[in-house]
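Data first, discussion second: the structure below is written as structure tokens.
Numbering of ligands and ligand atoms starts at 1, following listing order.
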Amino acid sequence: MIEDLMNLRWGIPVNAFTVPVFSIAVLWIGWRIWTFTIRPWLRPQDPVVLPYWIPFLGHSFAFFGNSDELLERGLDYVGRSNEIFGIQTLKRQLYIITNPPEVSIAFNDNTALHFDGHLNELLENFGFSKEGLRLSWHIPKPGDWCYLPGNEINPELASLNRFTEDMYRKQLLPGEKMDVMSRVFMRSVFDTLQWDKLDFCTVESTEKGKLLSLRELCRYTLVEGATQTMFGSHLHKIEPRIVEYMLRYNDNAWMVFFQYPDFFGNSPITEPRRVITETLEKFIEMPDEERHEQAWSIKNILAWQKVMNIDLRARASVLLMVYWAANSNEYNISFWVLAHLLHNPELLRMVKEETEAAWIDGVLDIKLLRTNSPNLEAIFNEALRLNGGAMVSRIVREPITLGGKQLKPGNAIIIPARQLHKNEKVWGQNSGDFDAFRFKKHKALSRHASYRPFGGGKTYCPGRVLAKEEVYGFLATLFHRFDLKMAEGKGPGGGKQVFPSLDDSSPALGITGPVKSHDVLISATQRVV
Ligand code: HEM
Ligand SMILES: *[C@@H]1O[C@H](CO)[C@@H](O)[C@H](O)[C@H]1NC(C)=O
């Protein structure tokens, strides 16, 4: 039939090559028209799928590259109406949710939309075996080896995964245990930010002062601090370059989250991942009494992992996940806040006034700083808005209709912070611009459904208050000890430095960092206090 058609209608020579090619072309055109024209028309209740060229593969490559561009293309495709649309990856369809009322519903629904399926995938990506996964959900029952009524570690006898979540929430949410972490963090910052110890971020040193790299200053100081809050100095003793490895891990962490295949065993994530995992395994194998500098939550998590008897690799994977969550955003947000301050001396002066007011007789009052710095708060919120790119994900477990669209079980929803934060219907025509006072003028914006730098619902970031103390405390120490200003003549052609751009070359996981070659060079001098 196809031969006849080819010959009669188009005069295409019929041979062993053209027949299959022609057949495939016909099938492919049929598939395109069916999938993206006829089916959407027949089933208006299904989310519109952004067209793609290759069946099954769909948008996989685009999503793992510049995901932001892909999502913007999707929004354009539905006329920027913010209705739910779908993008196709190898594994499943992803429903993109950006309309504020639907975002709120999605965050509050823990039945049809569920985090656990997603958590399982994450745990596997981080290094869990199937057996480890099974044990980590096991609820101790009478007669089990792990049924220890009256035990003080896990009196509610929750599954290991629920117990772990409970531990980090108790550790991180405001209260005595968060304060301990905050103090350990600040001790580390006080130690790192000493004039004679700034080699890690010094580009040039002269008699008049130092030329510092903002990028390196933030990266090292904040990851060092986060490491100390969880592990004290234990990891450093096992692997002195732990912070360096963690930063390399961070730079490529999206490969872990999106299971980017390691074709030749030389992916940039392989070595840092191996070294950190081995370091954590050595740490876990230390006798408990030797791990005396570890955080309260780490101690308890390790104790219950031991009772459940999950394998060493799985134990280390959980620690790596929490370690990553605790440090991966802090240095990026600090970079952006400081970049804006250094590029605008008047803002810098205003914020410095607030941070200096929190130093009482040479001691930093971190609570006063956190609750009494309206300008810094507004700038912090605005920097989170512009650079927050977290993509919160849930698996659809039951059929659910959202915004008039039917979502199918097995697929996933994605709530992309960047698209929520740029929505012009919420943030106005200047939604892409940095407005230092936006959140000071409109206080309610920080609670808007379309403002989600810390996610929401069940997985709402438990570290959000601590994060603020850490970033503010870091700035307050910097400004108290050094005079900083943007270095002159370090821009292109010896001119003014250009404001760094956001690195959108890989999928965003949280606060996106600057393009690798972009930085802010700072002229620093020591302050006489
Ligand atoms: C500006 C800094 C931070 C930002 C923007 C941020 C952002 C987020 C986001 C968006 C989530 C939700 C992820 C999801 O639902 O898929 C999250 C979860 C989490 N964050 Fe943060 N975070 C920050 C700082 C911190 C800090 C300092 C810690 C700990 C010391 C921390 C610990 C966690 C943990 C443990 C979770 C997992 C919560 C759960 O799944 O139940 N975060 N964070
Ligand atoms: C922080 O920025 C770096 C790029 O400088 C990026 O690789 C990393 O993924 C960012 N962190 C998060 C949580 O997105």
Side-chain angles (χ1 to χ4, degrees), residues 106-107 113 115-116 118-119 121-123 161-162 164-173 177-178 181-182 184-185 215-216 218-219 222-223 225-230 246-257 268-269 295 297-298 301 318-319 321-337 380-381 383-385 387-394 412-418 420-421 452-472 500-519:
F107 271 127
L113 304 174
F115 179 64
D116 289 349
H118 183 59
L119 178 63
E121 284 176 16
L122 270 185
L123 289 170
N161 287 337
R162 285 286 106 82
T164 304
E165 284 169 6
D166 188 44
M167 282 302 111
Y168 58 62
R169 286 200 190 116
K170 289 200 168 113
Q171 174 85 68
L172 296 172
L173 290 174
K177 295 195 168 62
M178 181 194 92
M181 275 215 150
S182 183
V184 175
F185 184 87
R215 188 183 138 84
E216 295 308 321
C218 297
R219 281 166 71 89
L222 288 134
V223 175
T227 309
Q228 297 280 349
T229 60
M230 293 176 67
M246 195 62 215
L247 284 165
R248 276 171 62 193
Y249 184 87
N250 266 322
D251 285 339
N252 303 287
W254 67 273
M255 296 180 171
V256 175
F257 282 82
I269 192 81
S297 51
I298 301 289
I301 290 169
V318 173
L319 294 198
M321 251 170 98
V322 185
Y323 184 18
W324 178 84
N327 78 49
S328 61
N329 290 301
E330 301 284 274
Y331 64 92
N332 284 346
I333 192 61
S334 302
F335 176 91
W336 292 117
V337 169
F380 179 70
N381 284 341
L384 286 171
R385 184 182 71 83
N387 305 293
M391 290 192 275
V392 172
S393 172
R394 303 279 191 268
I413 63 152
I414 299 266
I415 304 174
R418 172 117 45 246
L420 303 188
H421 293 178
R452 300 285 185 171
F454 294 105
K458 266 255 184 307
T459 55
Y460 191 23
C461 176
R464 60 196 184 273
V465 180
L466 178 63
K468 217 186 248 189
E469 291 195 357
E470 292 184 354
V471 174
Y472 291 14
S501 336
L502 207 69
D503 179 7
D504 56 9
S505 60
S506 55
L509 301 169
I511 306 298
T512 311
V515 169
K516 294 218 164 28
S517 57
H518 291 189
D519 202 345

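A donor-acceptor contact shorter than 3.5 Å is absent between the side chain of R394 and the backbone of I413. With hydrogens and angles ignored, the 3.5 Å screen pairs a side-chain donor or acceptor of T227 with a backbone N or O of V223.
Contact annotation: A253 has no heavy atom less than 4.0 Å from any atom of ligand 2.
The I511 neighbourhood of ligand 2 comprises atoms 1 (C), 10 (C), 11 (N), 12 (C), 14 (O), with distances under 4.0 Å to a heavy atom of that residue. Interface of D251 with ligand 2, defined as ligand atoms under 4.0 Å from a residue heavy atom, comprises 7 (O). Residue S328 has at least one heavy-atom neighbour below 4.0 Å for each of these atoms of ligand 2: 11 (N), 12 (C), 13 (C). The contact set between ligand 1 and V392, taken as ligand atoms under 4.0 Å from a residue heavy atom, comprises 14 (C), 15 (O). Of all atoms in ligand 1, listed by their number and element, those nearer than 4.0 Å to a heavy atom of A390 are 10 (C). Residue-ligand proximity, N250 to ligand 2, at heavy-atom distances under 4.0 Å covers atoms 7 (O), 8 (C), 9 (O).
Distance from atom 38 (C) of ligand 1 to its nearest protein heavy atom, with residue and atom name: P462 CD, 3.6 Å. Nearest protein neighbour of atom 21 (Fe) of ligand 1, counting heavy atoms only, is C461 SG, 2.3 Å. Among protein heavy atoms, atom 4 (C) of ligand 2 sits closest to G513 CA, 4.0 Å. Considering only non-hydrogen protein atoms, atom 6 (C) of ligand 1 sits nearest to N329 ND2, 3.4 Å. Here the protein heavy atom with the shortest distance to atom 1 (C) of ligand 1 is E330 OE2, 3.6 Å. Of the protein's heavy atoms, A325 O, 3.6 Å lies nearest to atom 31 (C) of ligand 1. Of all protein heavy atoms, the one lying nearest to atom 41 (O) of ligand 1 is R169 NH2, 3.1 Å. Nearest to atom 13 (C) of ligand 2 among the protein's heavy atoms is N329 OD1, 3.3 Å.
Contacts with ligand 1 closer than 4.0 Å are made by no heavy atom of V471, backbone or side chain. Neither the backbone nor the side chain of N252 comes within contact range of ligand 2; no heavy atom lies under 4.0 Å. The proximity of R452 to ligand 1, defined as any non-hydrogen pair under 4.0 Å, does not occur for either the backbone or the side chain. Contacts between N332 and ligand 2, counted as non-hydrogen atom pairs separated by less than 4.0 Å, involve the side chain only. Only the side chain of I511 comes within 4.0 Å of ligand 1, counting heavy atoms alone; its backbone N, CA, C and O stay farther away. Here Y168 has side-chain heavy atoms under 4.0 Å from ligand 1, and that is the only part of it that gets that close.
In terms of polar-atom proximity, defined here as any N/O pair under 3.5 Å, T459 does make such a contact with ligand 1. Between D503 and ligand 2, not a single N/O pair is under 3.5 Å apart.
Relative to the six-membered ring of Y460, R464 meets both conditions, a distance below 6.0 Å and an angle of at most 45° to the axis.
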(message) Run K516 and D503 through side-chain contact (heavy atoms from CB on, under 4.5 Å) and show every step you take.
(response) CA-CA 7 Å; K516 294 218 164 28; D503 179 7; 3.5 Å; yes
(request) Test L420 against R385 for side-chain contact (heavy atoms from CB on, under 4.5 Å), laying out the working first. (result) CA-CA 9 Å; L420 303 188; R385 184 182 71 83; over 6 Å; no
(request) Please report the C-alpha distance between Y472 and F380 in whole Å, then the side-chain angles of each, then the deciding distance to 0.1 Å, and finally whether the ring pair (Phe, Tyr, Trp, His ring centres under 6.0 Å) criterion is met. (result) CA-CA 9 Å; Y472 291 14; F380 179 70; 5.3 Å; yes
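A pairwise comparison of heavy atoms in W336 and P500 identifies CZ3-O, 3.6 Å as the closest pair. Between G513 and N332, the shortest heavy-atom distance links the atoms N-ND2, 3.5 Å. Nearest heavy atom pair, residue H518 against residue S501, reads ND1-N, 3.0 Å. Of all non-hydrogen atoms in E330 and L222, the two that sit nearest each other are O-CD1, 3.9 Å. The minimum heavy-atom distance between R418 and G389, with the atom names listed, is NH2-CA, 3.9 Å.
Counting only heavy atoms from C-beta outward, the side chains of E469 and M178 approach each other to under 4.5 Å.
Counting only non-hydrogen atoms, the option in A226, P453, G457, S334 that gets closest to atom 7 (C) of ligand 1 is P453.
The pair R162-D116 counts as a salt bridge, with a side-chain nitrogen and a carboxylate oxygen less than 4.0 angstrom apart.
The aromatic ring centroids of W324 and F257 lie less than 6.0 Å from each other.
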